[in-house]
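Lettering follows sequence order; numbering is per chain, from 1. Because the structure is predicted, anything quoted here is derived from the model rather than measured. These values consider heavy atoms only, across backbone and side chains, with no hydrogens, waters or symmetry-generated copies.
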There are 2 protein chains.
Amino acid sequence: MIQSVDRSLKILEYLKEHPKGLGITEIANRLGVAKSTAHRLVMTLEEHGYIKQMQEKSVYRLGLKFLEMSNIVVDQLNIVELAHPIMEKISNQTDKISHLVMLDDSHVIYIDKVETPSAVRIYSQLGKRAPIYCTGVGKAIAAYFDEAQLTRYLSENSFHKFTKNTYTEEKEFRHELERINRNGYSIDNEEHEEGIRCVAVPIFDHLNSVNYSVSITGTSVQMTDQHIQEYLPLLKKSATEISSLLGFAQ
Amino acid sequence: MIQSVDRSLKILEYLKEHPKGLGITEIANRLGVAKSTAHRLVMTLEEHGYIKQMQEKSVYRLGLKFLEMSNIVVDQLNIVELAHPIMEKISNQTDKISHLVMLDDSHVIYIDKVETPSAVRIYSQLGKRAPIYCTGVGKAIAAYFDEAQLTRYLSENSFHKFTKNTYTEEKEFRHELERINRNGYSIDNEEHEEGIRCVAVPIFDHLNSVNYSVSITGTSVQMTDQHIQEYLPLLKKSATEISSLLGFAQ
DNA sequence: AGTAGTTGTTCCTTATTGTGTAACCGCTTT
DNA sequence: AAAGCGGTTACACAATAAGGAACAACTACT
């Protein structure tokens with residue numbers, strides 16, 4: 001651990017906790033170093049744009065450089081890469097297919113899946129689009145829509161009755177979303193395809209918004225309510241892991 | 001300028017330019033120091049969360065710490081908070097992307113944006129820096145530079161011809177700024193990217209100075225001169241609103 | 001108005017601290 | 001099996017960052 005670098009990063013920490021800014025003397029006191037030392041550290045950080053001196057002088061704040069950097073970080077948060085090993089664990093422990101989907105307007109897109117050798121092959125394709133209203137993964141995301149998003153979705157999409165369980169009434173669908181939001185998970189009870197059930201949970205990103213979800217899928221024989229309750233803790237824990245890899249704090 | 005701190009920040013810069021990550025040896029080579037030195041610097045940065053080692057080992061990337069820090073920075077830029085609802089109105093009424101930018105030396109930084117679900121996705125990133133001379137938002141601000149600022153800007157920056165419409169002659173550029181100053185709005189006529197046009201207006205703060213601007217962006221098909229004239233009253237009114245929220249008295 | 005007490009900033013000498021050399025470990029390749 | 005590639009650790013030396021003191025600019029109080 002290099003002392004001067006460590007000190008400079010501590011300065012950033014202090015400024016983070018004091019958004020109104022700190023002066024050189026305050027910084028020096030907190031660090032327990034001479035003013036001149038603090039000054040040199042601050043100058044170096046300022047040179048690189050990580051902190052900036054306010055025009056009223058005498059206070060320093062965090063600089064815009066962090067915006068630039070965080071942007072790069074967000075870009076390289078490739079969710080598939082991060083989520084894949086976690087999904088492998090899910091599939092290994094449950095011996096079921098796990099899916100990762102992404103919100104795309106009024107649909108979800110399957111962006112990753114993990115199969116297990118012994119799991120029954122269920123037709124699913126990466127890149128496939130599926131409706132929101134009749135899939136576990138879709139509903140898990142929609143449960144976190146705000147009112148404007150939801151009304152817009154409902155007005156622009158009609159509900160096709162794929163199976164006898166498909167929700168087609170707005171009122172019932174809204175109830176279902178509320179229930180999902182309360183429970184933190186959604187179930188697709190053969191609403192899209194006869195004989196296929198799945199359980200899905202939302203993934204939160206660094207902005208606290210839900211654009212992805214992850215699910216476990218199987219035939220209705222493999223996925224009784226009992227099975228689902230058994231898998232839920234693992235699935236929820238996994239989603240939390242993925243969320244925190246995406247920078248979701250708290 | 002403290003050498004070790006400077007080096008550590010240079011490492012962050014290298015990692016920014018290599019989102020796929022860099023190894024210790026590569027970092028050491030770029031810095032022109034011994035592997036052990038690079039390693040110690042990297043360790044210190046990692047300790048604080050600014051970089052992280054990937055599980056496949058052997059490469060380091062920027063860490064999530066930047067997300068955390070950038071949130072603080074955004075918070076203290078309360079203009080974003082103030083302007084956001086107004087920008088939402090703009091986007092809703094025009095069904096186009098709106099951007100808020102801030103002057104930063106010889107560039108502008110995108111500090112907020114509002115997209116609409118149906119608007120064509122245009123590549124734009126929060127935190128991105130863009131040149132002043134070839135963007136609508138940049139020119140809207142530069143039009144209010146005083147003579148000293150402008151000559152300084154012109155002497156320190158060269159104009160790269162991104163497209164056939166990019167201004168590269170000082171004389172023409174000065175004329176353009178005068179025109180913008182007279183009219184109160186600027187147009188980016190595919191000067192930065194082919195096929196993208198935008199219209200931007202300046203925002204005044206409590207000191208009557210212009211450090212921000214707000215814009216509407218779209219493809220050249222969506223943003224004909226006619227569209228721009230149609231959107232202008234809304235955009236100007238919105239900028240006035242934001243200005244007064246910042247304490248601009250007039 | 002003058003003075004005492006802030007602040008940030010600069011200079012210079014010293015020894016603390018960061019540096020490079022070299023060896024080491026774990027891995028893949030030949 | 002050994003050579004080559006990565007990252008990691010140990011250590012002696014001297015370059016470099018640290019601290020003290022003095023400065024300038026500013027505010028507040030007498």
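Rounding to whole angstrom units, CD of residue B:Glu47 and P of D:dT8 are separated by 13 Å. If you measure from atom CD1 of B:Ile11 to atom C1' of D:dG7, you get 14 Å, rounded to the nearest angstrom. The distance between atom CD1 of A:Ile27 and atom C1' of D:dA18, rounded to the nearest whole Å, is 17 Å.
Checked by atom type and distance alone, the side chain of B:Asn181 pairs as donor or acceptor with a backbone atom of B:Ala143 at under 3.5 Å. Remark: side-chain polar atoms of A:Ser243 are not paired, donor with acceptor, to backbone N or O of A:Ile203 under 3.5 angstrom.
For A:Glu47, the CD atom is loosely surrounded, since the number of other residues' heavy atoms within 6.0 Å does not exceed 12. Other residues, nucleotides and ligands contribute more than 12 heavy atoms inside 6.0 Å of the CZ atom of B:Arg174.
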Please report the C-alpha distance between B:Glu46 and B:Lys52 in whole Å, then the side-chain angles of each, then the deciding distance to 0.1 Å, and finally whether the salt bridge (Lys or Arg N to Asp or Glu O under 4.0 Å) criterion is met. CA-CA 6 Å; B:Glu46 192 180 16; B:Lys52 63 165 188 287; over 6 Å; no
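In this structure, A:His206 has no ring pair (Phe, Tyr, Trp, His ring centres under 6.0 Å) partners at least two apart in sequence or on a different chain. B:Glu194 pairs by the side-chain contact (heavy atoms from CB on, under 4.5 Å) definition with B:Thr163, B:Lys164, B:Glu190, not counting sequence neighbours. Scanning for side chain to side chain donor-acceptor pair (under 3.5 Å) contacts around B:Glu13 gives A:Lys65, B:Lys16, with sequence neighbours left out.
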Mind listing the N/O atom pairs, protein and nucleotides 14-16 of chain D, below 3.5 Å?
unit_1	atom_1	unit_2	atom_2	d
D:dT16	OP1	B:Gln3	NE2	3.2

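DNA chain D lies under 4.0 Å from at least one heavy atom of each of the following residues of residues 12-25 of chain B: B:Gly23, B:Ile24, B:Thr25. For the segment residues 31-43 of chain A, residues with any heavy atom less than 4.0 angstrom from an atom of DNA chain C are, sorted by number, A:Lys35, A:Ser36, A:His39.
For A:Gln53, a side-chain nitrogen or oxygen approaches OP1 or OP2 of C:dT9 to under 4.0 Å. The shortest distance between the side-chain N/O atoms of B:Tyr60 and the OP1/OP2 oxygens of D:dT8 is below 4.0 Å.
Partner of B:Ile141 under the side-chain contact (heavy atoms from CB on, under 4.5 Å) criterion, out of B:Asn211, B:Val101, B:Ile132: B:Val101 alone.
Between B:Phe66 and A:Tyr50, the ring-plane angle classifies as tilted under the 30° and 60° cut-offs.
Rounding to the nearest 0.5 angstrom, the gap separating the OG1 atom in A:Thr25 from the CZ atom in A:Arg30 is 11.0 Å.
Comparing D:dC11 with D:dA15, their P atoms sit 22 Å apart, to the nearest whole Å.
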